[in-house]
Undergrad: 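One structure, as structure tokens, below. Some questions next.
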Amino acid sequence: MYNHFDIIIIGGGHAGCEAACAVAKLGMSALVCVVRKDRIGWMPCNPSIGGPAKGHLTREIDALGGMQAIVTDRTSIHVRWQNTIKGPAVQALRAQCDKSLFQKEWERILDTTDKITIREGIVTDLTSDGNSITGIRFEDGSSYTARAIILATGTFLCGLIFRGEVRIPAGREGEAPATKLSTSLKNLGLELARLKTGTVPRVRKDSIDFKSLEIQPPDPTHPGFSFLNLPVNDLPKYPCYITHTSPKTREIIQANLNRAALFSGDITGAGPRYCPSIEDKYRKFPDKISHPVFLEPEASSGPYADEIYLQGLSTSLPADVQDQYVRSIPGLDNAVIARYGYAIEYDFINPQTVQVWGASKKYPNLFLAGNLVGTTGYEEAAGLGLLAGINAVRYLRDEEPFILRRDQAYLGVMTDDLAVKGVTDPYRILTGRAEWRLLLRFDDADRRLTPIGRSIGLVDDERWSKYLERENQIKALTGFLENTRVKADLIQVENVGEPLTRSLSDWLKVPAVHLQDLMNDGLIESNYSRDTVMTVEAEIKYSGYLNRQMNEVKRISRAEKVKIPPDFEYEGIASISRESREKLSKIRPLTLGQASRISGVKPSDIAVLDILLARRAD
């Protein structure tokens with residue numbers, strides 16, 4: 001094995017896997033460093049991909065030429081649309097995958113991709129020449145050099161598992177933490193702090209009374225995430241189930257809050273606001289008795305086939321308390337816990353010390369992604385890993401960084417939020433974080449991003465051909481709707497007003513009329529994909545809102561185009577508040593638009609900064 005690579009990637013989780021594939025596809029060599037090869041692409045928490053905003057990220061990764069959607073489609077055992085009764089901006093797929101096969105598929109991809117080399121072991125040090133990172137050193141003393149490094153260490157930096165009074169140093173259960181690497185990063189001057197996340201108890205399937213639970217069957221068509229429209233995999237398909245906590249659950253947990261590691265004072269890092277532990281839910285909402293619990297299959301075969309994931313019961317309580325409260329939940333009266341839940345605390349790097357394109361502000365050839373920069377979730381990690389891989393290659397080629405805007409992608413929303421606003425708890429992407437979410441729908445990610453992926457070099461001929469084919473379908477269907485006029489009696493809708501004869505596209509703007517209904521009534525051919533139907537309907541039915549959002553994007557785009565020089569001196573500007581000067585000096589926004597989104601920077605200070613930048617430009 002050679003000891004020099006173009007790029008070294010530390011971590012083989014969702015961020016590291018996407019980074020490695022991007023680097024290799026773009027023609028550079030990558031060394032992927034993992035603690036255990038059989039944990040490449042592992043799902044340590046839930047066995048799921050997708051949902052609102054998270055699913056949008058997976059789609060955007062796919063549209064750019066990434067792999068998460070493909071791996072999901074090859075290993076999914078339950079797929080279901082979410083938010084179908086709501087608007088198109090928040091509709092998305094969510095899938096449960098066979099976690100063993102998901103991992104094996106990622107391992108196979110990395111094993112069989114040219115230019116990727118996998119190395120097991122614990123990385124203890126990054127080496128530097130003062131201005132850049134030059135390589136890495138393993139615990140066994142071996143060392144490797146590279147022109148760029150991507151850190152995607154997940155929860156491994158000084159990872160510590162908490163389960164009641166039990167403390168276990170670990171990156172995740174069964175894997176050693178990267179304690180020395182954390183020390184190395186601190187010695188390099190990187191700004192580290194602590195965050196916390198956690199996982200849930202897993203229960204043996206044969207100990208659950210499924211007949212008493214509400215069933216959630218999978219979508220019978222088993223739709224896929226990838227725009228490649230892969231054939232449906234031949235794995236068995238399983239339902240999910242829903243139950244709720246009971247008064248007894250609340251009583252048990254409240255009686256044992258003093259034994260929760262979360263409240264003992266040992267955990268100093270903030271936990272995820274939008275995925276709190278069950279004990280945190282009862283502490284913050286003591287009067288709320290019932291909390292939903294989703295039962296999700298973990299696998300179709302292998303060692304996890306007999307386990308069910310209890311989504312909603314993340315915990316830091318001791319094992320004996322977990323036994324009690326799980327059995328207090330309807331349907332789980334006789335449940336046998338196969339794996340106990342736990343909380344885990346770990347080091348992360350302040351994302352405000354990282355450029356919006358993923359590079360460290362201190363070391364321009366060091367790129368960071370995933371939990372390491374304050375996110376939580378497989379989708380967030382994979383998106384940041386993809387961007388880190390792209391930009392590490394572009395850095396080595398002396399090309400401009402690849403940056404997505406907030407109006408282009410949820411990936412752009414996330415990277416901007418992290419770099420500009422930072423985090424106080426693990427960051428989770430939400431549809432509510434996007435100002436222009438009607439422009440960033442699940443169905444149109446390819447239209448927004450596949451041409452960009454093609455220009456970068458990640459979109460191959462097969463994907464490009466699929467994209468062009470879908471564009472032709474959208475154009476044909478839209479043209480047919482605009483040019484076909486029908487009477488109201490054929491539409492079967494009442495109180496429509498005048499005129500009674502309209503184009504199908506105008507009928508579609510009536511709230512009660514939907515494109516699928518027109519297809520069911522035989523007014524339109526039904527040989528269009530669901531994605532195409534969703535895209536055409538959204539762009540016609542919501543054209544007024546879409547135009548309004550696009551005009552608003554254009555209105556504020558000037559601030560995004562006003563560049564702030566990297567060496568701009570804020571300290572000497574007396575007309576800007578001290579708080580603004582301090583925050584602008586620390587974060588160093590790239591544009592006036594970014595500066596305006598920094599918490600604590602006043603609009604009046606932005607106005608002053610705008611004038612000063614204009615004078616400097618003159």
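Note that these values count all heavy atoms, side chains included, but never hydrogens, waters or copies made by symmetry. Predicted model, so just to flag it, every value in this text is computed and none were measured.
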Undergrad: Please tell me whether Ser529 and Thr532 have a donor and an acceptor in their side chains that are separated by less than 3.5 angstrom.
TA: yes
Undergrad: Strictly below 4.0 Å, N to O, side chains only: are Arg94 and Glu296 in salt-bridge contact?
TA: yes
Undergrad: Considering only residues two or more places apart or on different chains, which pairs with a residue in residues 52-78 satisfy ring pair (Phe, Tyr, Trp, His ring centres under 6.0 Å)?
TA: His56-Tyr410, His56-Phe442
Undergrad: Does Asn256 use its side chain to pair, donor to acceptor, with the backbone of Val321 at less than 3.5 Å?
TA: no
Undergrad: Is the backbone N or O of Pro330 less than 3.5 Å from a side-chain atom of Thr243, with the two atoms forming a donor-acceptor pair by type?
TA: yes
Undergrad: Short question: side chain of Thr245, backbone of His291 - any donor-acceptor pair under 3.5 Å?
TA: yes
Undergrad: Under 4.0 Å between a Lys/Arg side-chain N and an Asp/Glu carboxylate O for Arg273 and Asp425?
TA: yes
Undergrad: Side chain of Thr72, backbone of Gln68: donor and acceptor closer than 3.5 Å?
TA: yes
Undergrad: Counting heavy atoms not belonging to Lys248, are there more than 12 under 6.0 Å from its NZ?
TA: no
Undergrad: With a 4.0 Å cut-off, would you call Asp320 and Arg259 a salt bridge?
TA: yes
Undergrad: Applying side-chain contact (heavy atoms from CB on, under 4.5 Å) between Phe162 and each of Leu262, Ile267, Ile168, report the one that passes.
TA: Ile267
Undergrad: Please tabulate, for side-chain N and O atoms in residues 207-215, each donor-acceptor pair with protein atoms closer than 3.5 Å (sequence neighbours left out).
TA:
unit_1	atom_1	unit_2	atom_2	d
Ser207	OG	Arg204	O	2.7
Ser207	OG	Val336	N	2.9
Asp209	OD1	Lys211	N	3.4
Asp209	OD2	Ser212	OG	3.4
Ser212	OG	Asp209	O	2.9

Undergrad: Taking C-beta and beyond as the side chain, do Tyr346 and Asn371 meet within less than 4.5 Å on heavy atoms?
TA: yes
Undergrad: Would a distance-only check, ignoring hydrogens and angles, find a side-chain to backbone donor-acceptor pair under 3.5 Å from Gln216 to Ile242?
TA: no
Undergrad: Scan Asp446, Asp73, Asp531 and name whichever one has a salt bridge (Lys or Arg N to Asp or Glu O under 4.0 Å) with Arg59.
TA: Asp531
Undergrad: Between Glu173 and Arg163, is there a side-chain N and carboxylate O pair less than 4.0 Å apart?
TA: yes
Undergrad: Would you find a donor on one side and an acceptor on the other, under 3.5 Å apart, between the side chain of Ser76 and the backbone of Gln96?
TA: no
Undergrad: Does a sphere of radius 6.0 Å around NZ in Lys237 hold more than 12 heavy atoms from other residues, nucleotides or ligands, not counting ones at 6.0 Å or beyond?
TA: yes
Undergrad: So, using salt bridge (Lys or Arg N to Asp or Glu O under 4.0 Å) as the criterion, who are the partners of Glu379 when residues are at least two apart?
TA: Lys54
Undergrad: Within 45° of the six-membered ring axis of Tyr427 and under 6.0 Å from that ring's centre, is NZ or CZ of Arg433 located there?
TA: yes
Undergrad: Should the pair Asp280-Arg283 be classified as a salt bridge under the 4.0 Å nitrogen-to-oxygen rule?
TA: no
Undergrad: Donor-acceptor pair, Tyr282 side chain versus Ile289 backbone, under 3.5 Å?
TA: yes
Undergrad: Can you confirm whether Leu192 sits close enough to Leu190 that some side-chain heavy atom of one is under 4.5 Å from a side-chain heavy atom of the other?
TA: yes
Undergrad: Working note: Thr75 + Asp98, criterion side chain to side chain donor-acceptor pair (under 3.5 Å); need CA distance, chi angles, decisive distance, verdict.
TA: CA-CA 6 Å; Thr75 61; Asp98 184 314; over 6 Å; no
Undergrad: Salt-bridged, Glu60 to Arg448, with N to O below 4.0 Å?
TA: yes
Undergrad: If you measure only the distance, is there a donor-acceptor pair under 3.5 Å linking the side chains of Glu279 and Thr315?
TA: yes
Undergrad: With the threshold set at 4.0 Å, does a side-chain nitrogen-carboxylate oxygen contact exist between Lys196 and Glu345?
TA: no
Undergrad: State whether Glu120 and Arg36 are salt-bridged, where the test is any N-O pair (Lys NZ or Arg NE/NH1/NH2 against Asp/Glu carboxylate O) under 4.0 Å.
TA: no
